[in-house]
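These notes are about the structure you will find just below.
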Amino acid sequence: MLRRQDVGHRVVVRRIVGVSQDRPLFTDALGELVDLTETDLTIATDKGTLRVPLREVHRAKRVPAGRRPPASEVISLELAANDAWPAPTQARLGSWILRAAGNWTGRANSALAVGDPDRTLEAAIDGVVEWYADHGQQPLINAPMPLAAPVSAALDRRGWSARPLTLVQTALITPLLATPPVRHDRPPVELADAPSDDWFAMVSEHKGTLPPSAVRILTGPAEVVFAHVHDADGALIGVARGAVTGPDRWLGVSLLQTAPAARRQGLAQHMLRGLLQWGVQHGSHRAYLQVEERNTAAVALYGKAGFTTHHTYLTREAPV
């Protein structure tokens with residue numbers, strides 16, 4: 001049977017779906033284990049998210065990943081993503097990165113557990129707890145999966161909880177731009193070195209009030225761009241952000257957002273294309289984004305655009 005440390009891994013689940021001639025009928029589901037509770041399990045399959053009551057599970061086990069990226073590639077991408085979302089306060093615990101930003105977003109307020117913490121795993125977790133206590137924040141650890149599966153297992157033993165699974169998705173930029181746009185009558189994507197007040201206001205509707213630490217994160221990278229789209233009356237109807245970071249020149253896409261009245265019109269794809277073109281101009285060949293697995297609408301949007309899951313991560317929370 002599966003255990004909490006299997007969360008984030010690829011699994012196969014055989015479940016009972018009925019009875020025929022006094023014999024049980026089975027069906028198999030293959031995907032990534034998203035959650036496991038005392039009553040049910042949830043897996044992300046190619047056809048969507050599936051929740052299975054444990055009473056229906058006949059057999060379940062972990063299976064090899066279909067394609068597991070090298071650990072070095074996961075670490076490189078995670079470090080590029082850290083540079084693209086730079087917490088104002090950072091420190092090192094061996095290769096782990098401790099980050100604090102006044103509790104604005106989990107990414108900027110969690111320890112990034114990649115590489116060697118230069119001490120035992122238990123001592124590293126103790127060090128994380130002590131550092132965040134000194135900064136007056138709840139300890140959080142960002143555990144890329146399955147790379148940080150040992151970390152996640154140790155946190156399970158300590159009673160740490162997990163936030164919803166996040167997918168780190170990637171795509172080669174050139175094939176995405178090779179597909180012609182669906183429509184040519186859209187308002188232009190305006191790219192600026194700094195966000196406008198309206199840009200901040202639209203982001204605030206989704207992310208809440210932006211403290212000074214948020215502004216420092218959003219404007220921190222050396223190569224960053226802010227996309228704006230206005231309607232015919234001059235009202236802002238779409239925003240997005242792009243940043244190129246790391247030795248591999250990754251383009252990070254974030255905060256892709258449209259006004260309610262402008263949704264379901266292909267505007268998000270239109271802004272994404274503008275960011276990809278900007279990325280190419282700045283020497284980027286690959287793009288990535290981070291999206292919660294439970295945000296099915298966004299996952300579908302990015303899948304249609306050509307993004308696939310490279311790896312995942314869990315943000316783990318220390319017991320209060």
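Starting from 1, each residue takes its place in the sequence as its number.
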For a quick test of reading the model, state the closest non-hydrogen atom pair linking [X] to [Y] and the distance between them.
X    : Y    : answer
L176 : A305 : CG-O, 3.3 Å
A124 : P117 : CB-CB, 3.7 Å
P144 : A113 : CD-O, 3.9 Å
L25  : S20  : CD2-CB, 3.8 Å
P319 : G159 : CG-O, 3.4 Å
P86  : G220 : CG-CA, 4.1 Å

Measuring from atom [atom1] of [X] to atom [atom2] of [Y], what distance do you get when rounded to the nearest 0.5 angstrom?
X    : Y    : atom1 : atom2 : answer
W96  : N142 : CH2   : CG    : 11.0 Å
E317 : I141 : CD    : CD1   : 11.5 Å
T312 : L165 : OG1   : CG    : 4.5 Å
S254 : R107 : OG    : CZ    : 6.0 Å
T37  : D40  : OG1   : CG    : 4.0 Å
I43  : R10  : CD1   : CZ    : 10.0 Å

Side-chain heavy-atom pair [X], [Y] within 4.5 angstrom cut-off:
X    : Y    : result
W104 : L210 : yes
V189 : R273 : no
Y302 : V253 : no
L140 : Y132 : no
L255 : M202 : no
L314 : M145 : yes
T219 : P195 : yes
I217 : P88  : yes

Between [X] and [Y], is there a donor-acceptor pair closer than 3.5 Å when you use the side chain of the first and the backbone of the second?
X    : Y    : answer
Y313 : L112 : no
H285 : D248 : no
R186 : Q265 : yes
T245 : A80  : yes
E73  : P70  : no
R241 : L218 : yes
N109 : N103 : yes
S76  : S72  : no
S284 : R286 : yes
S152 : A148 : no

With a sphere of 6.0 Å drawn around [atom1] of [X], does it hold more than 12 non-hydrogen atoms of other residues, nucleotides or ligands?
X    : atom1 : result
R158 : CZ    : yes
D197 : CG    : no
R216 : CZ    : no
R3   : CZ    : no
D193 : CG    : no

* Asked: Is the NZ or CZ atom of R316 positioned over W160's six-membered ring, under 6.0 angstrom from the centre and within 45° of the axis?
  -> no

Going only through I, L, V, M, F, W and Y residues with side-chain contacts under 4.5 Å, is there a path from [X] to [Y]?
X    : Y    : answer
L276 : L267 : yes
L50  : V7   : yes
V280 : V244 : yes
W85  : V203 : yes
L191 : L177 : yes

* To do: Applying side-chain contact (heavy atoms from CB on, under 4.5 Å), run through T309 and E293 and close with a yes or a no.
  => CA-CA 10 Å; T309 298; E293 185 274 338; over 6 Å; no

* Give the intermediate values and the outcome of side-chain hydrogen bond (donor to acceptor under 3.5 Å, both in side chains) for residues S110 and R99. => CA-CA 6 Å; S110 57; R99 307 174 291 189; 3.1 Å; yes

* Asked: Does the side-chain contact (heavy atoms from CB on, under 4.5 Å) test come out yes or no for V114 and V74, once each step is laid out?
  -> CA-CA 9 Å; V114 296; V74 174; 5.7 Å; no

* Report yes if the distance between the aromatic ring centroids of Y288 and H310 is under 6.0 Å, otherwise no. => no

* Given L41, V13, T42, the one that forms side chain to side chain contact (heavy atoms under 4.5 Å, CB included) with L33 -> L41

* Residue pair D118, R92: steps toward the side-chain contact (heavy atoms from CB on, under 4.5 Å) verdict -> CA-CA 10 Å; D118 198 27; R92 289 277 182 171; over 6 Å; no

* To do: Would you mind checking if E292 and R163 are paired as a salt bridge, meaning a charged N to carboxylate O distance below 4.0 Å?
  => no

* For the residue pair H228 and W199, categorise the inter-ring angle as parallel (less than 30°), tilted (30 to 60°) or perpendicular (more than 60°). => tilted

* Structure fact -> With sequence neighbours left out, the residues meeting salt bridge (charged side-chain N to carboxylate O under 4.0 Å, His left out) with R119 are none

